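Counting starts at 1 for both ligands and their atoms, in listed order. This is a predicted model, so every value here is computed, not measured.
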Amino acid sequence: MARSWQQSRSLFADAMKVIPGGVNSPVRAFKSVDGEPIFIQRALGSRLWDADGNEYIDYVGSWGPAIVGHAHPDVLATVSRVAANGISFGAPTELETTLAHAVIKLLPSIEMIRFVSSGTEACMSVLRVARAFTNRSKIIKFEGCYHGHGDMLLVKAGSGAATLGVPDSPGVPSGTAADTLTVPFNDLGAVAALFEKHPEDIAALILEPMVGNSGFIRPEPGFLEGLRALCSRFRALLIFDEVMTGFRVGIHGVQGLYGITPDLTCLGKVIGGGMPLAAYGGRRDIMAKVAPSGPVYQAGTLSGNPVAVSCGLKTLELISRPGFFDQLSRRTSDLVEGLKSSAKTYNIPFVADSEGGMFGFFFNSRPVKNFADAKMSDVARFKKFFWGMLEHGVYMAPSAFEAGFVSGAHSEKDMSLTLEIADKVMKGCR
Ligand SMILES: *Cc1c(COP(=O)(O)O)cnc(C)c1O
C-alpha cells in the first residue's frame, strides 16, 4: 500500500516560506534521510496520524517525552483542570514545590532543583553554576553528546548537529568554544589525560551517562565510576545530563541503574510529559549559589508554569506505578531482539541495544562504543530501512544517529505488527 504524502508536501512548501527550513528544530526536516517531513495532525496512545490521514506506530514519542503515550486521558484531564485556573502567573505556586519533592524522591543526588523551560536552558544554566562554584572555566564534554544548543556546548555535539555537518556552528565565538574540551565517549584514559594536563582549570565534566544523541550507546563497565573518581580527585563537578535518560531508562535514571552520584543533574523531556519543562539540580551547597539565594543569575518568565508542571507531575505519577517500567522494558527489548533476529536472517550487519523505554540500532558489524564507531555505520542502508518502515506505517527517528522511544501505550500487538513490518523491510535492505 503506497502512501500519499501530498498534503504534507504542500504544508512543508508553505512552511518553508516563513520558517527557516520549514521546521522549528532541524532534525524534523528529514534532511538526514534525504526527504521531506510528514506533518502530524493528531496522536493517540502509540499512534500518529499525518495531514494525509496516514496512520503510524510512533517510535519517536516527541523525542522522548511521550512515555505514557499520546493524549493520555489522565494527563489531559489534569492539564485542562489546571489550565482552567490560569496558564501562567510568573509567581510561585504550590505545584512547583510538589514536583520538586517528587523529583528529589526519585533522584536522591538532587537536594535542590530549579525548573526551566528547555533542556538547552538546563544545560547552559548548570554550567554557569558549576563554573561559579568551582571558580574555574574549562569544561569537558564527549564527542557526540548533545547538551542543547548553548554556545559553549555546541562542539562535537552529535545528533542534528552531526548529521548536518556543522560540528562548530557559525556564530559561536571561538573564545567561547575554546574552554570546551572534548574526548571520545568510553575513553577513560583520554579524560584522565585532560585532567592531568589541566589539573586546576576544569570546572565540570558533562555527559549523557547513557548516550542517546549519537544513537544509543551504553557506558562500558567502570566508565562512569572512573569519571566519578577523576572528578572527585581533581575537584571538578560531575554533571549527568539526563534530559533524555531521566525517567526514561528507569524511574531513577542512569544514576539509579549504575549507582553513581553526580554532583549535578539536568532533566528535561519526560519531566514535562510533553510540555516545555526542564530542570537542573544537585548538591545543596552548589544549588545555593543560584539567584536569588546566591549570586549566579538565572531566570525565566514561564519557568515552572502550572500547566507544564502539572503535566510533568501527572506523567511522573503514572510511570511510578508498580510494573510500569517492567512492561516498558520488556516491550522495548522485545522490539530490539526482533529487529536483531530479522537482520541476522538476512545477513545484515546490525547491532542494537535498549534500556527501559529507550533503544537504538546501527547498521554496523561491530559494537558501537563511541561516536566515531557510530559514524562507521551504513547510513545508506539506514535510509532505505527508515523509508520502508515509514511507507508501511512505522514512524522512527529520521536519522541514523538518534535513539528511539517506546511508550506505555505500545501494546504487544503494536510490537508484533512492527516486527512483522520490520522483517519485510529488512529483507528488502539486503
Ligand atoms: C534533548 C536534549 C537536550 C536539549 O533539550 P531541549 O529541550 O531540546 O533544549 C539536552 N541534553 C540532552 C541529553 C538531550 O537529549
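If you number the atoms of ligand 1 from 1 as listed, the ones under 4.0 Å from a heavy atom of Ser118 come out as 7 (O), 9 (O). Set against the non-hydrogen atoms of Asn213, the atoms of ligand 1 under 4.0 Å away are 12 (C), 13 (C), 14 (C), 15 (O). Per-residue contacts place Thr120 under 4.0 angstrom from the following atoms of ligand 1 (heavy atoms of the residue considered): 4 (C), 5 (O), 6 (P), 9 (O).
For Lys269, every heavy-atom contact with ligand 1 shorter than 4.0 Å involves the side chain, none the backbone. With a heavy-atom cut-off of 4.0 Å, Thr245 does not touch ligand 1 at all. Residue contacts with ligand 1, taken as heavy atom pairs separated by less than 4.0 Å, involve Glu208 solely via side-chain atoms from C-beta onward.
Checking atom 6 (P) of ligand 1 against the protein gives a heavy-atom contact under 4.0 Å.
In terms of heavy-atom proximity, Asp241 sits nearest to Cys123 at OD2-SG, 3.4 Å.
Between Phe385 and Phe361, the gap from one ring centroid to the other is short of 6.0 Å. Between Tyr258 and Phe240, the ring centre distance reaches or exceeds 6.0 Å.
Side chain to side chain, Glu96 and Thr93 meet the donor-acceptor criterion of an N or O pair below 3.5 Å.
Checked by distance only, ligand 1 and Gly119 come closer than 3.5 Å through their nitrogen or oxygen atoms. Not one N or O of His147 is nearer than 3.5 Å to an N or O of ligand 1, by distance alone.
For the atom pair Leu419 CG and Glu337 CD, the distance stands at 10.5 Å (nearest 0.5 Å).
Within the 4.5 Å cutoff, the side chain of Leu48 has no heavy atoms near those of the Ile57 side chain.
Taking the charged nitrogens against the carboxylate oxygens, Asp263 and Arg283 do have a contact shorter than 4.0 Å, which makes a salt bridge.
The protein heavy atom nearest to atom 11 (N) of ligand 1 is Asp241 OD2, 2.7 Å.
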